[in-house]
Structure formats: structure tokens, C-alpha cells
Amino acid sequence: MLKNDPYELLKKENISKKLLSENALRGLSIFDDTLKDVKEFPGDKKLKSEAEKIGEQIVELIKEDISRIQKETCDEVEEGKKKETRRVHSKKIVEKAEKVLDDLSMCRQRLREDRQKRIDSGEIKAPKKKTLVTKLRQELVKTATLIPKNLKEDASVIERTQKAVLSFLTELKNIWGLNKIKPIQDEIKEKFKKLRDQAE
């Protein structure tokens, strides 16, 4: 979890993304892209630190937007008096926001280049795309955790669930023409064995 998460601020202030300015939305888009990189390389402290800096700047942009939104919800009598002041203030905010977004885009570009250099040099590995077999293994092993709480102590339910999952896997092997299901079968059996041990 990152220290400076603009989405947490929006949630806390109960502000919809629809109300944000174009600059704030662009900032969130940059933050989203950076967050994807952090998830791809969860152990990369430098990347996480940069993401937190980006988040901090976007939080500042959003705070200014929140201030603007709150001012816009004032009643109309006050609105007329403050209109000119707000127009000048808004112009300054837009100029500042554009500068921040330019800085963020450059920062993001540097991060991409730095990460690519580190991948090329072998310092870090490029994320591997999950194969169909890996995805299938993860999903089927998860089935064991879906057994309802009141049935988790029942060894026969665990046994029958394991049988159903393995049968389903065999069916998929035949339908999809899979040839490497033994590791999946072994992992499923191991997971259900742990459940049976806990039930006893």
C-alpha cells in the first residue's frame, strides 16, 4: 500500500472523479500507470518511492480541486462576490497544475527508461506473462478456500470437493488439449490435504 494514494483522499472527502478538473484526471491516469508498474515489480523500492512522490503531487492537485468544488457549492449570493477572485485563483491553479503534470510525465518517462535499463542489465527481471496452465492452477487451488465455513470441518465435504475439482480439471484437459496438469493435480491434492488436517 502506498503512503500517498489520491483515491483514498477522494474516498475520504466523498468526491466523485466526475467533478475533478481535466488536469487532476490526467494526474490520476499517470498515477494509475505507475501503480501498474509497482504491482508488476512489488519488490522494487525505488519504483515504490517514485510512485509515492507522484501520488503526493497528485494529492496536492486534487486538494486544490476539492477546494474549488467546495467553493462552487456555496450559495449564489456569495458566489457573485467571489466570482472574480475565483477566476484569478483558478487560472493560477491551472497553470500550476499543468507544470506539475509536465513534471510528472517526465518523471514517469524517466522511471520507464530506468526500469528498462535495469531489465537490460539483468538487475531486475521483466515480469513473466502467466501461462494458461498457471492461471488455471491458481483458480482451481482457490476453490478450496470457497468451501462454506460451516462445512470446512466436514472431511467428507472436503474429500468430495477435491474429487469434483480434479474431475473438472480432467474434463478441461480433454476439452482444451492440455498436457501438463500433473503439477496442478498435485497442488490441489496438497491444498485439500491441509484442509483435511485442519478439520481433524
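Numbering starts at 1 and runs along the sequence shown. Nothing here was measured: the structure is a model prediction, and the numbers come from that model.
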Task: Straight-line distance of Q116 CD to L111 CG, nearest 0.5 Å - done: 13.0 Å

- [ ] Using a strict 4.0 Å threshold on nitrogen-to-oxygen distance, state whether D114 and K46 make a salt bridge.
- [x] yes

- [ ] Please indicate whether R160 has more than 12 foreign heavy atoms, meaning atoms of other residues, nucleotides or ligands, lying under 6.0 Å from its CZ.
- [x] no

Open item on the list: Quick check for you: to the nearest 0.5 Å, what is the distance between T161 atom OG1 and I147 atom CD1?
Closed with: 4.0 Å

Task: Check: S167 side chain, K163 main-chain N or O, donor-acceptor pair, under 3.5 Å - done: no

TODO: Starting at CD1 of I58, measure out to CZ of R26 and round the result to the nearest 0.5 Å.
DONE: 11.0 Å

Task: Salt bridge present between K36 and D32 (N-O < 4.0 angstrom) - done: no

- [ ] List in chain and number order the residues that pass salt bridge (charged side-chain N to carboxylate O under 4.0 Å, His left out) with K152, two or more places apart in sequence or in another chain; answer none if no residue qualifies.
- [x] none

TODO: Hey, could you give me each pair passing salt bridge (charged side-chain N to carboxylate O under 4.0 Å, His left out) that has a residue in residues 179-195? Not counting sequence neighbours.
DONE: R137-E187, K182-D186, K193-D197

TODO: Examine L28 and I93 and state if one hydrophobic cluster contains both, with Ile, Leu, Val, Met, Phe, Trp and Tyr joined whenever side-chain heavy atoms are less than 4.5 Å apart.
DONE: no

Open item on the list: Are there over 12 heavy-atom neighbours, none belonging to E40, within less than 6.0 Å of that residue's CD?
Closed with: yes

Task: Results of side-chain hydrogen bond (donor to acceptor under 3.5 Å, both in side chains) for Q198 - residues two or more places apart only - done: none

Task: Side-chain donor/acceptor of S67 to backbone N/O of K63, under 3.5 Å - done: no

TODO: First locate atom NZ of K11, then atom CG of D5, and finally report the distance between them rounded to the nearest 0.5 Å.
DONE: 10.0 Å

Open item on the list: Is it the case that the side chains of S156 and D154 hold a donor-acceptor pair, with the cut-off being a distance below 3.5 Å and no angle test?
Closed with: yes

- [ ] Check whether L136 and V165 end up in the same hydrophobic cluster, where Ile, Leu, Val, Met, Phe, Trp and Tyr are linked by side-chain heavy atoms less than 4.5 Å apart.
- [x] yes

TODO: Please step through side-chain contact (heavy atoms from CB on, under 4.5 Å) for the pair R110 and M106, ending with a clear verdict.
DONE: CA-CA 6 Å; R110 283 196 303 270; M106 285 174 61; 4.0 Å; yes

Open item on the list: Measuring from atom NZ of K125 to atom CD1 of I119, what distance do you get when rounded to the nearest 0.5 angstrom?
Closed with: 12.0 Å

Task: Separation of Q57 CD from F31 CZ (nearest 0.5 Å) - done: 12.0 Å

